[in-house]
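Since the structure comes first, as structure tokens, the remarks are kept for the end.
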There are 2 protein chains.
Amino acid sequence: MQKNYAVLLKENGLKSTFQRTHILENIHALGHGSIDSIYQKITQIHPTLSLATVYKNIVLMVEKGVLVEVPILGQKSKYELSKKEHIHLICTACGEVEDQDYTEEKAKLFHQLTQKENFHLSSQQINLYGTCHLCNKI
Amino acid sequence: MQKNYAVLLKENGLKSTFQRTHILENIHALGHGSIDSIYQKITQIHPTLSLATVYKNIVLMVEKGVLVEVPILGQKSKYELSKKEHIHLICTACGEVEDQDYTEEKAKLFHQLTQKENFHLSSQQINLYGTCHLCNKI
DNA sequence: CTCTGTGCAAAGCGTTTGCAAACGA
DNA sequence: TCGTTTGCAAACGCTTTGCACAGAG
């Protein structure tokens with residue numbers, strides 16, 4: 001796991017450091033992490049981590065395409081590892097973000113639906129807001 | 001035009017003021033406005049407008065459902081008037097946001113595609129990032 | 001050894017808040 | 001008139017920056 005992130009970083013021209021691999025591991029574990037939640041979590045095992053370091057690295061890794069920003073209605077942005085297209089199910093009660101994959105077929109359909117002449121699509125973000133299964137039980 | 005916004009405000013329990021109707025007119029004219037662009041624009045005709053007033057009113061009108069926040073990758077949120085579901089085409093070169101309506105039929109299809117058990121959908125935001133026709137010419 | 005990355009503290013901004021005066025109904 | 005809204009200025013909190021030291025390759 002740790003080795004993987006070290007490789008990922010090097011592939012993108014970044015040195016592998018304790019801080020960086022842990023940011024990546026943390027985002028992977030959380031699925032989607034906010035700056036603050038990442039900082040809080042890593043501080044538990046590495047108390048001298050600086051918030052500024054988290055900011056600098058998130059910015060850097062977004063620039064390098066290792067991470068993707070996920071802007072969310074009424075919350076601060078979260079960050080996720082770059083991966084194939086998917087939908088975000090965002091719970092307006094607890095704030096959790098869940099990924100929902102869609103098949104190749106559905107992906108194509110989306111592209112057709114969202115096609116527009118004279119607009120060169122580079123990426124898309126589909127966010128569905130509602131209440132998740134856990135919050136629905138309450 | 002101005003009358004309409006006065007009515008819209010009153011329907012939502014808000015007093016009609018110069019500042020509020022102008023914020024709404026401005027967002028309508030821009031399509032999507034950031035706090036700052038709204039403030040800049042209105043200040044030209046009403047120089048004593050306070051930025052704090054713009055903030056307070058935007059927050060209030062979002063709460064009342066008159067406005068909707070549009071969070072955008074790498075930018076500050078913009079705001080739009082509440083309206084029927086649509087797609088945002090966001091130009092990563094110039095930052096402009098364009099709305100693309102979709103038909104009832106397509107809307108249904110979207111809902112089917114994005115269906116998930118145990119998740120109660122309340123709203124959706126579909127953002128497509130790319131370059132617009134104007135920026136493509138450059 | 002060299003260059004990059006980290007931590008700290010300070011600076012910078014965007015946003016929110018409290019309050020007295022102005023305004024809408 | 002009465003409750004709401006505005007403008008101002010201060011406070012706040014998140015984010016960025018500069019620099020000396022530490023660490024990766």
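The chains referred to below are lettered A, B, ... by the order of the sequence lines, with proteins before strands, and numbering in each begins at 1.
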Selection from [options] that lies nearest to any side-chain heavy atom of [X]:
X: B:V59; options: D:dG7, C:dT6, C:dT16; answer: C:dT16
X: A:S16; options: C:dT17, D:dT5, D:dG25; answer: D:dG25
X: B:Y55; options: D:dG23, D:dG7, C:dT15; answer: C:dT15

Going by atom types only, do [X] and [Y] share a side-chain donor-acceptor pair under 3.5 Å?
X: A:E85; Y: A:Y102; value: yes
X: B:H88; Y: B:N127; value: yes
X: B:T53; Y: B:Q19; value: no

When the distance from [atom1] of [X] to [atom2] of [N] is rounded to whole Å, what number comes out?
X: A:I23; N: C:dT6; atom1: CD1; atom2: C1'; value: 11 Å
X: A:L51; N: C:dA11; atom1: CG; atom2: C1'; value: 16 Å
X: B:Q40; N: C:dG14; atom1: CD; atom2: P; value: 11 Å
X: B:H22; N: D:dT5; atom1: NE2; atom2: P; value: 17 Å
X: B:D36; N: C:dG14; atom1: CG; atom2: P; value: 7 Å
X: A:F18; N: D:dA24; atom1: CZ; atom2: P; value: 11 Å
X: A:Y39; N: D:dG13; atom1: OH; atom2: C1'; value: 14 Å
X: A:I35; N: D:dT16; atom1: CD1; atom2: C1'; value: 12 Å

Base, sugar-phosphate alone, or nothing: which one does [X] contact when heavy atoms must sit under 4.0 Å apart?
X: B:T53; answer: base
X: A:L49; answer: sugar-phosphate
X: B:N57; answer: sugar-phosphate

Within the structure, does a side-chain N or O atom of [X] lie under 4.0 Å from either OP1 or OP2 of [N]?
X: B:S50; N: D:dC8; result: no
X: A:R20; N: D:dA24; result: no
X: B:K76; N: C:dC13; result: no
X: A:Q19; N: C:dG7; result: yes
X: B:T17; N: D:dT4; result: no

Heavy atoms of other groups near B:K84 NZ, more than 12 under 6.0 Å
no
Between A:K15 and A:A52, which has a closest nucleotide on DNA chain C that is more 5'?
A:K15
Does the gap between the ring centers of B:Y79 and B:H32 come in under 6.0 Å?
no
Grouping I, L, V, M, F, W and Y whenever their side-chain heavy atoms are under 4.5 Å apart, do A:L67 and A:L51 come out in a common cluster?
yes
Does any donor-acceptor pair link the side chain of B:K56 with the base of C:dG18 at a separation under 3.5 Å?
yes
